[in-house]
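To keep things clear, I will list the structure first and then write my remarks on it.
Quick note on labels: first sequence line is chain A, next is B, and so on, each numbered from 1.
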Amino acid sequence: MNDPLLERLAALPSATPRPVRARRVRARCHRALGRRRPRPVNRWRRATQYWPHVVAGLAGIYFAETVRQVLGVWGIL
Amino acid sequence: MDRETELALVARLRGGDAGAFDAVYDAFNGRLFTFLLRLSRRREVADDLLEETWLRLVKHAGRLRADTRLLPWLFTVARNLHVSYIRSRALEDAGAAGLALWPVSPGSASPFEEAAANELERRIERALARLPRHAREVLLLVSVAGLSHADAAEVCGVTPDALRQRLSRARTALAHALDEHPSERAPVLGEVLP
């Protein structure tokens with residue numbers, strides 16, 4: 001920056017927030033961060049998320065067995 | 001703050017690390033506050049907008065992109081909050097007969113004017129306060145807060161070329177304001193209207 005006017009602007013004093021207010025903001029943000037930190041997934045929740053796949057698998061086996069039985073009755077198998 | 005440190009802080013922030021927040025807060029809080037104070041010319045407004053800026057960072061921390069650049073991100077939030085504040089105040093005060101008296105009564109000095117060490121600084125502060133918001137904002141971002149033209153353009157939502165033009169016009173306006181009103185207090189109406 002070679003502009004004297006802009007250099008004067010750059011040299012203007014900076015401001016500092018009041019310490020009490022700054023501490024309050026920091027504490028508030030820490031609390032908010034603590035709230036949004038991801039909670040550990042508990043074991044029951046982890047187990048239940050696989051249930052649909054287990055049920056779908058069992059249903060598939062049941063259906064395949066039913067088809068096999070029907071074909072057996074008709075003498076195809 | 002070098003880029004590597006910044007990326008590491010962003011990664012930790014995304015994980016909700018309070019230590020990372022403190023590091024970012026310490027690095028940018030002063031600059032953000034100075035920017036908001038010179039934009040609003042009111043300490044309590046700058047305090048509130050600054051607090052909201054940090055709360056937005058915390059709220060969005062988990063959704064930050066891994067390559068987020070914190071300086072423009074924070075200044076964009078601070079600047080947008082100030083724009084929203086001005087709009088809401090302008091709406092609130094639109095029907096008031098004393099619109100020209102808001103936010104500072106004529107003759108009152110900004111916190112910076114009161115603290116200015118010498119007459120020249122005082123004159124610059126007054127001239128800066130007299131500029132339209134767009135002009136003041138771009139001068140504060142580039143010359144005072146030290147953002148690059150590209151970063152300032154991102155903050156203002158304009159192209160780098162438009163930013164350069166805006167900066168040039170703002171610089172001219174500041175020079176005129178300094179020449180025209182060497183010792184007069186700043187009028188305030190221009191600050192209120194978006």
Side-chain angles (χ1 to χ4, degrees), chain A residues 1-70, chain B residues 13-22 24-26 29-38 43-44 46-48 50-63 110-112 115-117 120-121 123-125 127-128 139-140 142-146 167-168 170-172 174-175 178:
Chain A
M1 192 188 329
N2 297 319
D3 186 325
L5 182 55
L6 297 186
E7 280 172 8
R8 276 182 197 156
L9 271 182
L12 287 175
S14 53
T16 320
R18 281 184 277 256
V20 175
R21 182 77 190 243
R23 273 198 298 277
R24 206 182 81 189
V25 171
R26 203 188 280 257
R28 213 176 147 194
C29 289
H30 281 188
R31 281 198 302 277
L33 271 175
R35 277 198 300 272
R36 61 154 292 278
R37 203 171 292 151
R39 290 181 201 148
V41 181
N42 66 37
R43 292 168 81 184
W44 169 248
R45 195 167 170 182
R46 193 177 295 168
T48 55
Q49 71 190 9
Y50 295 117
W51 271 113
H53 303 290
V54 172
V55 170
L58 289 173
I61 292 168
Y62 181 83
F63 180 72
E65 179 58 22
T66 306
V67 170
R68 198 185 69 81
Q69 296 264 354
V70 168
Chain B
L13 267 178
R14 281 155 47 109
D17 185 335
F21 173 82
D22 285 344
V24 175
Y25 183 90
D26 291 338
N29 195 47
R31 272 204 274 180
L32 280 171
F33 182 66
T34 303
F35 172 68
L36 287 169
L37 188 52
R38 280 205 171 92
R43 182 173 269 275
E44 62 274 25
D47 277 333
D48 288 348
L50 182 67
E51 179 166 353
E52 188 56 34
T53 302
W54 288 119
L55 287 170
R56 295 274 172 103
L57 175 66
V58 165
K59 189 178 168 191
H60 291 95
R63 281 172 281 155
S110 75
F112 283 108
L120 179 62
E121 273 183 14
R123 280 180 55 207
I124 294 175
E125 293 286 3
L128 197 55
L139 286 170
L140 290 176
V142 176
S143 299
V144 182
L167 181 63
S168 170
R171 190 232 171 267
T172 308
L174 180 66
L178 275 168

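- Heavy atoms of B:L120 lying under 4.5 Å from chain A belong exclusively to its side chain.
- Contact detail for A:V25 and B:Y25: the closest heavy-atom pair is CG1-CE1, 4.1 Å.
- Looking at B:N29 and A:R26, their side chains never come closer than 4.5 Å, going by heavy atoms from C-beta outward.
- Between A:L5 and B:L174 there is a side-chain heavy-atom pair separated by less than 4.5 Å.
- Using a 4.5 Å cut-off between heavy atoms, A:R18 touches chain B through backbone and side chain atoms alike.
- Nearest heavy-atom pair across B:E125 and A:P13 is OE2-CD, 4.4 Å.
- B:L55 touches chain A through backbone and side chain together, each having a heavy atom under 4.5 Å away.
- Closest non-hydrogen pair, A:C29 versus B:W54, comes out as SG-CB, 3.7 Å.
- Side-chain contact between A:R21 and B:D48 is present, with heavy atoms from C-beta onward closer than 4.5 Å.
- If you tally non-hydrogen atom pairs under 4.5 Å between each of B:L32, B:D47, B:V144 and chain A, the highest count goes to B:D47.
- In this structure the side chain of A:L33 never reaches within 4.5 angstrom of the side chain of B:D17, judged on heavy atoms.
- Panel note: side chain B:T34, backbone A:A15; a donor-acceptor pair is recorded below 3.5 Å.
- For the pair A:L12 and B:R38, the tightest heavy-atom approach, listed with the atom from each and the gap, is CB-NH2, 3.3 Å.
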